[in-house]
Novice: 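Could you have a look at this structure, given as structure tokens, before my questions?
What you see is a predicted model, and the numbers here were worked out from it, not measured in a lab. We name chains A, B, ... by the order of the sequence lines, and we start the count at 1 in each one.
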Amino acid sequence: MSQQNNQNSELQNIRHSAEHVLTQAMQRLFPNKFLMAMGPATDDGFYLDFEPIGDFKVSENDFPQIEAEMAKIIKENLPIIKEEISLEDAKKLFSDNPYKMEWLNSIKDRGEAITIYKTGDEFTDLCAGPHVRYTKQIKAFKLLSIAGAYWHGDEKNKMLTRIYGTAFESKEELEKYLNNIEEAKKRDHRKLGKELEIYFYDDEIGQGLPLWLPNGGIIIEELEKLAKETEDKDGYSRVKTPHITKESLFLKSGHLPYYAESMYPPMEIDGDKYYLKPMNCPFHHKIYGNKPHSYRDLPIKLAEYGTCYRYEKSGELIGLMRVRSMQMNDAHIYCTEGQFEKTFMDVIKMYLYYFQVFGIEKYVMRLSTHSKEGLGKKYIDNEQLWIKTEDMVRNCLKNGNINFVEVADEAAFYGPKIDVQIYSAIGREFTLATNQVDFAVPERFSLEYTDEKGEKQIPLCIHRAPLSTHERMIGFLLEHFAGAFPTWLSPTQVKIIPITDGQLEYAQKIEKELKENNIRVEIDSKSETMQNKIRNAAGEKVPYMIIVGGREAENQTISVRQRDGQDLGIIPLNDFVSKIKDQITSKSITLIK
RNA sequence: GCCUGAGUAGCUCAGUCGGUAGAGCAACUCUCUUGUAAAGAGUAGGUCGUGAGUUCGAAUCCCACCUCAGGCUCCA
């Protein structure tokens, strides 16, 4: 759920008031069974956090009852009135609620006025407002889900119960919102991943460890081909590194003290501890350090689709978006300070090229910087270097006319990063990839190059992964394309549908011809109606169906139908082959017609 | 990891008050040989997530665990 924004629009007021009505309804139904903690409006609704008293519990089964009570309060059209009161009065009013008392103290510390909002005579809440004036102004609302949430968002605090809901200015808008959620569910990559046989999980293998089915394997191969082609043009070299390594490597890189909790526990072999790698960086550093380098050889770009393992907490795993084993489109670029801007921009350009390939139009580059408080804890303790590298990255983005937003206290421990936020067709936000500058770790690995004066210098390192991990990328692409991949990525590109068994031989001839052109093709030779075969192929989102009956076999032509229902009519086979091959090589995101 | 739910055939789901399970699709066999989004008949398929308990009897009730979903926390 997104953070509340501070705009005090009418919609925000409706939602905030709906939250008060929810709390009031709860008090009517479950008096003295809970302590209200807080409840704001958010970008898409509102929520209420409360602490249940004793063994009181609310579940989604209680929603109809609560909603009915809310509707009653709205129908009663109670006035919602703001009052300013003194600290003493407020403390009396909320003396039995530690959450409100804590809040009162923080208002006092900030020297702000204390305001309460009353709904009718029976409900009062400590609240800065604003609100609607009467409960009837809440025209449409719905409770959505129950969740747990830590007080102040801190896992050391008590877990409260949270009820999410939403409210709108009209019933139609609420309907539209709920419909959008339903549509989003249809495009969910977990649903499509199962239907299209892309990947699955197995209990005997483990949580967050996806198994890629043949269709998923094809997509992975295609993405790697794309990465190789693109990286080859930009001077990258490909390397391969092992999945496990001795503890000392991660002690040297500095990862272990920061990230031990997110790593699979080590295995003991011959007195050494070996870890599964959670990232590829130190391995690439070792490769860079394998021989001396001249400034003439820089930048050196080492690329690898490296498989990493991270022990994410079980509750954090989601489909392909958050996993424990991942194949990363990784590369590390070692360059001089003078080369930084161009090298960094080349990486940004690669991102933009990929966005174009996939038709990703909405994205945000987010510059994540350090925080003073985190120095020496979350971040390498060298403020000057932080400021310097952050300036370098910021200038680079500005000079390249790249739009970006800046967020403090989100950097990697070794340097600032650019997170690329992208949005699926249904508006879901993902961090696709991060692009990081590392000013600290090369020194720990004694990485160096010899400059034009013959002196040793430490290179800068850029970590980049524009195609993210296969897991997250394919999860995103499934939702982005709603499973209807562009032809070049489609597991099956052409389905041949013979109308009767009489055309089987002709179908095999076409299949052979397409296979010779490296087109992924299948014949549906089942004893079914053509209509049913079309339906199945469309369900599998196969871009093209070649339908052959007696007429086509006789004239040695084909009839082509696209998955979107468009008919390309009767065309010669070689015509179709050259068109589809063009489409595949140009990675077109649209179909022929 | 934490909070709230859920788990029945390969998939989507039904199963009343506790009386040991049903449908559609898919698979397989047979029939049909079809002109642009579902032909017909039959066969097979389940330790009801796992384990333990209450009971004469458990898919159903209790407990523990596993997995999934929505959140929280986290995300190199």
Side-chain angles (χ1 to χ4, degrees), chain A residues 1 47 49 52 57-62 144-164 181 185 188 190-191 194-195 197 200-204 206-208 250 253-256 258-263 277-282 308 310-319 321-323 326 328 330 378 410-415 417 419 431 434 436 438 441 463 465 472 497-504 526-539 545-552 559-570:
Chain A
M1 244 0 111
Y47 64 78
D49 282 355
K57 213 168 79 177
V58 175
S59 83
E60 286 172 30
N61 298 329
D62 299 314
L144 298 171
S145 60
I146 295 250
Y150 299 106
W151 174 237
H152 287 317
D154 187 334
E155 71 180 318
K156 290 184 202 82
N157 289 339
K158 190 172 260 180
M159 179 158 274
L160 307 173
T161 303
R162 174 172 295 180
I163 296 180
Y164 280 105
I181 293 178
K185 280 186 192 156
D188 190 303
R190 289 166 298 190
K191 182 173 148 67
K194 186 185 252 180
E195 286 171 2
E197 297 183 10
F200 76 105
Y201 286 103
D202 187 286
D203 281 359
E204 281 189 299
Q207 279 185 290
F250 290 121
S253 69
H255 285 104
L256 215 41
Y258 288 91
Y259 303 113
E261 259 184 36
S262 307
M263 290 165 69
K277 65 172 168 181
M279 73 285 297
N280 305 300
C281 330
C308 299
R310 296 178 185 180
Y311 189 74
E312 306 284 359
K313 290 189 207 163
S314 61
E316 291 163 354
L317 303 168
I318 310 173
M321 301 314 288
R322 197 75 180 276
V323 292
M326 65 209 81
M328 202 182 291
D330 216 352
K378 285 163 79 175
E410 289 284 336
F413 79 86
Y414 43 66
K417 63 177 180 175
D419 285 325
T431 297
T434 69
Q436 304 163 351
D438 183 344
V441 182
H463 305 234
R472 193 167 277 193
I497 299 176
I499 295 178
T500 76
D501 292 351
Q503 292 86 47
L504 212 51
K526 280 197 297 261
S527 171
E528 271 296 343
T529 58
M530 171 202 63
Q531 285 89 337
N532 194 10
K533 292 181 192 180
I534 289 173
R535 187 168 186 271
N536 290 336
M545 297 163 222
I546 291 182
I547 295 159
V548 287
R551 292 202 289 275
E552 287 82 5
S559 168
V560 181
R561 184 194 158 106
Q562 297 185 165
R563 68 181 160 213
D564 60 7
Q566 292 229 56
D567 194 348
L568 298 189
I570 310 267

Novice: Any base atoms under 4.0 Å from A:A147, or only sugar-phosphate, or nothing? Heavy atoms, all strands.
Specialist: base
Novice: Taking atom C1' in both B:A39 and B:C32, compute the distance separating them and give it to the nearest angstrom.
Specialist: 7 Å
Novice: Please give, in whole Å, the distance from B:C28 C1' to A:K526 NZ?
Specialist: 13 Å
Novice: Report the nucleotide, chosen from B:A27, B:U33, B:U4, that has the shortest atom-to-atom distance to any side-chain atom of A:S59.
Specialist: B:U4
Novice: Could you tell me whether the side chain of A:R472 and the main chain of A:M321 form a donor-acceptor pair under 3.5 Å?
Specialist: yes
Novice: State whether the number of non-hydrogen atoms from other residues, nucleotides or ligands found under 6.0 Å of A:E60 atom CD is greater than 12.
Specialist: yes
Novice: Considering only atom C1', compute the distance from B:C75 to B:A37 and round it to an integer number of Å.
Specialist: 43 Å
Novice: Output the rounded distance in Å from CG (A:L144) to C1' (B:U4).
Specialist: 14 Å
Novice: What distance, rounded to whole Å, do you find between the two C1' atoms, one in B:G35 and one in B:G7?
Specialist: 45 Å
Novice: Considering only heavy atoms and no angle criterion, is a donor-acceptor pair shorter than 3.5 Å present between the side chain of A:Y150 and the base of B:G1?
Specialist: yes
Novice: Give the nucleotide from the list B:C68, B:C72, B:A76 with an atom nearest to the side chain of A:Q207.
Specialist: B:C68
Novice: Which value, in whole Å, describes the distance between the C1' atoms of nucleotides B:A52 and B:U16?
Specialist: 28 Å
Novice: Give me the ring orientation class for A:Y259 and A:F413: parallel if the planes are under 30° apart, tilted from 30 to 60°, perpendicular past 60°.
Specialist: tilted
Novice: Determine the interatomic distance between C1' on B:A59 and the same-named atom on B:G49; round to the nearest Å.
Specialist: 12 Å
Novice: Give one of base, sugar-phosphate or nothing for A:F413, where a contact means two heavy atoms less than 4.0 Å apart.
Specialist: nothing
Novice: Answer yes or no: does a side-chain N or O of A:K194 lie under 4.0 Å from OP1 or OP2 of B:U12?
Specialist: yes
Novice: When the distance from CD1 of A:I318 to P of B:G71 is rounded to whole Å, what number comes out?
Specialist: 8 Å
Novice: What does the 5'-to-3' dot-bracket notation of RNA chain B look like when only Watson-Crick and G-U wobble pairs under 3.5 Å count, and pairs to other strands show as |?
Specialist: (((((((..((((.....[..)))).(((((.......))))).....(((.(..]....).))))))))))....
Novice: With a 4.0 Å cutoff (strictly under), does any side-chain N or O of A:R190 reach OP1 or OP2 of B:A69?
Specialist: yes
Novice: So what does A:T431 hit on the nucleic acid, given a heavy-atom distance under 4.0 Å: a base, only sugar-phosphate, or nothing?
Specialist: nothing
Novice: Would you say A:R190 and A:I318 make side-chain contact, with heavy atoms under 4.5 Å?
Specialist: yes
Novice: For a quick check of understanding: with a heavy-atom distance under 4.0 Å over all strands, which category does A:K533 fall into, base, sugar-phosphate or nothing?
Specialist: nothing
Novice: Does the ring of A:Y259 lie flat against the base of B:A76, closer than 5.5 Å centre to centre with planes under 30°?
Specialist: yes
Novice: Could you give the distance from NZ (A:K277) to CE (A:M263), rounded to the nearest 0.5 Å?
Specialist: 12.0 Å
Novice: Send over the distance from A:E195 CD to B:G10 P, rounded to a whole Å.
Specialist: 18 Å
Novice: Once you round to the nearest 0.5 Å, how far does OH of A:Y414 lie from NE2 of A:H255?
Specialist: 5.0 Å
Novice: Considering the options A:N280, A:T434, A:D438, A:D330, which one meets the side chain to side chain donor-acceptor pair (under 3.5 Å) requirement together with A:H463?
Specialist: A:D438
Novice: Would you kindly compare A:H463 and A:A149 by the position of their nearest RNA chain B nucleotide and give the one closer to the 5′ end?
Specialist: A:A149
Novice: To the nearest angstrom, how far is A:K313 atom NZ from B:A76 atom C1'?
Specialist: 15 Å
Novice: Working note: A:K533 + A:E528, criterion salt bridge (charged side-chain N to carboxylate O under 4.0 Å, His left out); need CA distance, chi angles, decisive distance, verdict.
Specialist: CA-CA 7 Å; A:K533 292 181 192 180; A:E528 271 296 343; over 6 Å; no
Novice: Could you measure the distance from the CZ atom of A:R561 to the CE atom of A:M530? Nearest 0.5 Å is fine.
Specialist: 8.5 Å
Novice: A:E312 CD to B:U73 P: how many Å, rounded?
Specialist: 15 Å
Novice: Pick base, sugar-phosphate or nothing for A:S314, based on heavy-atom distances below 4.0 Å to the nucleic acid.
Specialist: base
Novice: How many whole angstroms separate atom NZ of A:K156 from atom C1' of B:G1?
Specialist: 14 Å
Novice: Would you tell me if any nitrogen or oxygen in the side chain of A:K378 comes within less than 4.0 Å of OP1 or OP2 on B:A76?
Specialist: no
Novice: Hey, what do you get for CG (A:D501) to CG (A:L504), rounding to the nearest 0.5 Å?
Specialist: 6.0 Å
Novice: What interatomic distance, in whole Å, is found between C1' of B:U20 and the corresponding atom of B:G24?
Specialist: 24 Å
Novice: C1' atom, B:C62 versus B:G53: distance in rounded Å?
Specialist: 7 Å
Novice: Can you tell me how far C1' in B:U8 sits from the matching atom in B:A21, rounded to whole Å?
Specialist: 8 Å
Novice: Determine yes or no for a side-chain-to-main-chain donor-acceptor pair under 3.5 angstrom, with A:R310 supplying the side chain and A:S262 the backbone.
Specialist: no
Novice: What string of B, S and - do you get for nucleotides 35-49 of chain B 5' to 3' if you count protein non-hydrogen atoms under 4.0 Å?
Specialist: BBBBB----------
Novice: Return the value, rounded to whole Å, for the distance between atom OH of A:Y311 and atom P of B:U73.
Specialist: 20 Å
Novice: Give a yes or no on whether a donor-acceptor pair under 3.5 Å exists between the nucleobase atoms of B:C74, that is its base, and the side chain of A:R322.
Specialist: yes
Novice: Which nucleotide, B:U4, B:C2, B:A76, lies nearest any side-chain atom of A:M279?
Specialist: B:A76
Novice: Roughly how far apart are A:T529 OG1 and A:Q531 CD, rounded to 0.5 Å?
Specialist: 5.0 Å
Novice: Between A:D501 and A:M263, which residue's closest nucleotide on RNA chain B lies nearer the 5′ terminus?
Specialist: A:D501
